[in-house]
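Quick notes on the structure that follows.
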Amino acid sequence: MTETKNLASIGVVGLAVMGSNLARNFAHNGNTVAVYNRSPEKTRALIADHGDEGSFIPSETIEDFVASLERPRKAIIMVQAGKATDAVISQLVEAMDEGDIIIDGGNSLYTDTIRREKEVAAKGRHFVGAGISGGEEGALNGPSIMPGGPKESWETLGPILESIAANVDGTPCVTHIGPDGAGHFVKMVHNGIEYADMQVIGEAYQLLRYGLNLEPAAIADIFREWNQGDLDSYLIEITAEVLAQKDPATGAPLVDVILDAAGQKGTGRWTAINGLELGTPVTAIAEAVFARGLSSATAQRAAAQEGGLPAGIIDDGGVDPDEFVEDVRRALYASKLIAYSQGFDEIKAGSDQYGWDVDPRDLATIWRGGCIIRAKFLNRIREAYDTNPELPALILDPYFKGELEDLIQPWRRVVAAATHMGLPVPVFASSLSYYDSLRAERLPAALIQGQRDFFGAHTFKRTDREGTFHIEWSTDRSLTQTDA
Ligand code: 6PG
């Protein structure tokens, strides 16, 4: 009699919180899950604490782990992005066979994913870089998943990923994003948008706190109310929670005892760098990254405060508190809209550059649930791209244009008031400038072209005829056509 061994339909390598939560999520949804961690204590702890939640096959060597998977084998790597990921990939490639699928579920840089996909494919295995959003809670109860990699891997992987993803109106928050690095690219931009979204919320808080002198608990109530309307989102919801929280050690509002130096692991920075490389202005994301950097420049900030830099506050008689709160809500909404519009621009630019054919409708769909930027607003974004998948910019969608009619004046008032009060609003203000730049009939770029031609003969184009031109600045200032 041959022994029939129970095999796992999916495996998870790396059992820190995200990995073990993801493994438990697979198990909760009827999948037999193989689990492996480099140090076996974590594997044993997972089985001891949660082994009764479903069907797990623990292994203490990578070979046993691979042997416990049904074919084609599917293993998700949940270790630290970078060297650790490369090390696990080579172990898996070694132990696996042709057609098996290695999935990297970490926040890997998409260019690493493109490289890894090539390397792994050359050995006959499939490699899928999958962005997974939703933090620890999402990993356990339903994340939003953005897998890239070869389409045929999706055929195998799709059902199993759908079984654990968040679900909105019967639609799972996962779909194949595109080949090789597309999934991790999109996850990177998701995180960039997350940075901008958090920063605009932070700017609104700053204005209410130091412009209106409201206490954190009162601002928590305002955010709770905002969460009932257009701004309804996970980040607004948790903002109210954080602001209402008292410090268990002192009883003071928690937000007052947290050091105001924001950390970052790099995905927002990558999004900004990539925006610069693609020539796509993701100003809201870049300003949000810089704002975190500035907040962490603690020594420089202390020196600036001691240095007594002039504030030059303009006292224009104060603002009506109720009207100001509503204006701030609208300014937040408008700035958030710009951040998303720019993020979708970057995704389009990246997709065009790499030939990924990413569909913005897919993103608006799978970001509605599970992920950190989940928001009611994403339904509107989906409708916008449903109506016109080729929208030149999200803010040009008729619905959002209509919203901007209502938002634009409050937005201007808030940026002006913040400036007068001396309160920093880098994303509110730069997003408004971006908006006005897009609208402007003429930009000072004409002058810049003139300057470039003056000092470097860099030439310019004309508004009234074809060709490339130069002025003989140092001699008779005559016009020459350089491409004639
Ligand atoms: C998510 C988050 C997640 C993580 C980021 C935070 O989508 O679940 O984006 O990936 O929380 O790494 O990044 P920072 O530490 O850079 O803020």
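Whatever order the structure lists them in is the order used to number ligands and atoms, beginning at 1.
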Would you check the N or O atoms of [X], main chain and side chain alike, for any that come under 3.5 Å of an N or O of ligand 1?
X    : value
G135 : yes
Q264 : no
I372 : no
T267 : no

### Pairwise side-chain contact, K336 with S233, heavy-atom cut-off 4.5 Å (strictly under)
yes
### Task
Kindly indicate whether the side chain of E60, heavy atoms from C-beta on, has any atom under 4.5 Å from the side chain of N37.
no
Who's the nearest protein heavy-atom neighbour of [atom], and how far?
atom                    : answer
atom 7 (O) of ligand 1  : S133 OG, 2.4 Å
atom 5 (C) of ligand 1  : N191 ND2, 3.7 Å
atom 4 (C) of ligand 1  : N107 ND2, 4.3 Å
atom 16 (O) of ligand 1 : Y195 OH, 2.4 Å

### Message
Could you check, using the six-membered ring where one of them is a Trp, whether F290 and Y195 have ring centers closer than 6.0 angstrom?
### Response
no
### Task
Please check if the distance between the ring centroids of Y435 and W411 is under 6.0 Å.
yes
### Message
For Y110 and F185, take the angle between the two ring planes, folded into 0 to 90°, and tell me which bin it lands in: parallel under 30, tilted 30 to 60, perpendicular over 60.
### Response
perpendicular
### Message
Which label fits Y36 and F65: parallel for a plane angle under 30°, tilted from 30 to 60°, or perpendicular past 60°?
### Response
tilted
### Message
Out of K265, R292, E194, K187, who is nearest to atom 17 (O) of ligand 1 when you count heavy atoms only?
### Response
R292
### Within 45° cone and under 6.0 Å: R380 NZ/CZ vs Y399 ring
yes
### Message
Against the six-membered ring of Y234, is R374 placed for a cation-pi contact (under 6.0 Å from the centre, within 45° of the normal)?
### Response
yes
### Query
Which atoms of ligand 1 have any heavy atom of H190 under 4.0 Å away?
7 (O)
### Message
Taking 4.0 angstrom as the limit and counting only heavy atoms of G134, give me the atoms of ligand 1 inside it, by number and element.
### Response
1 (C), 7 (O), 8 (O)
### Query
Taking heavy atoms and a distance under 4.0 Å, where does M188 meet ligand 1: side chain, backbone, both or neither?
neither
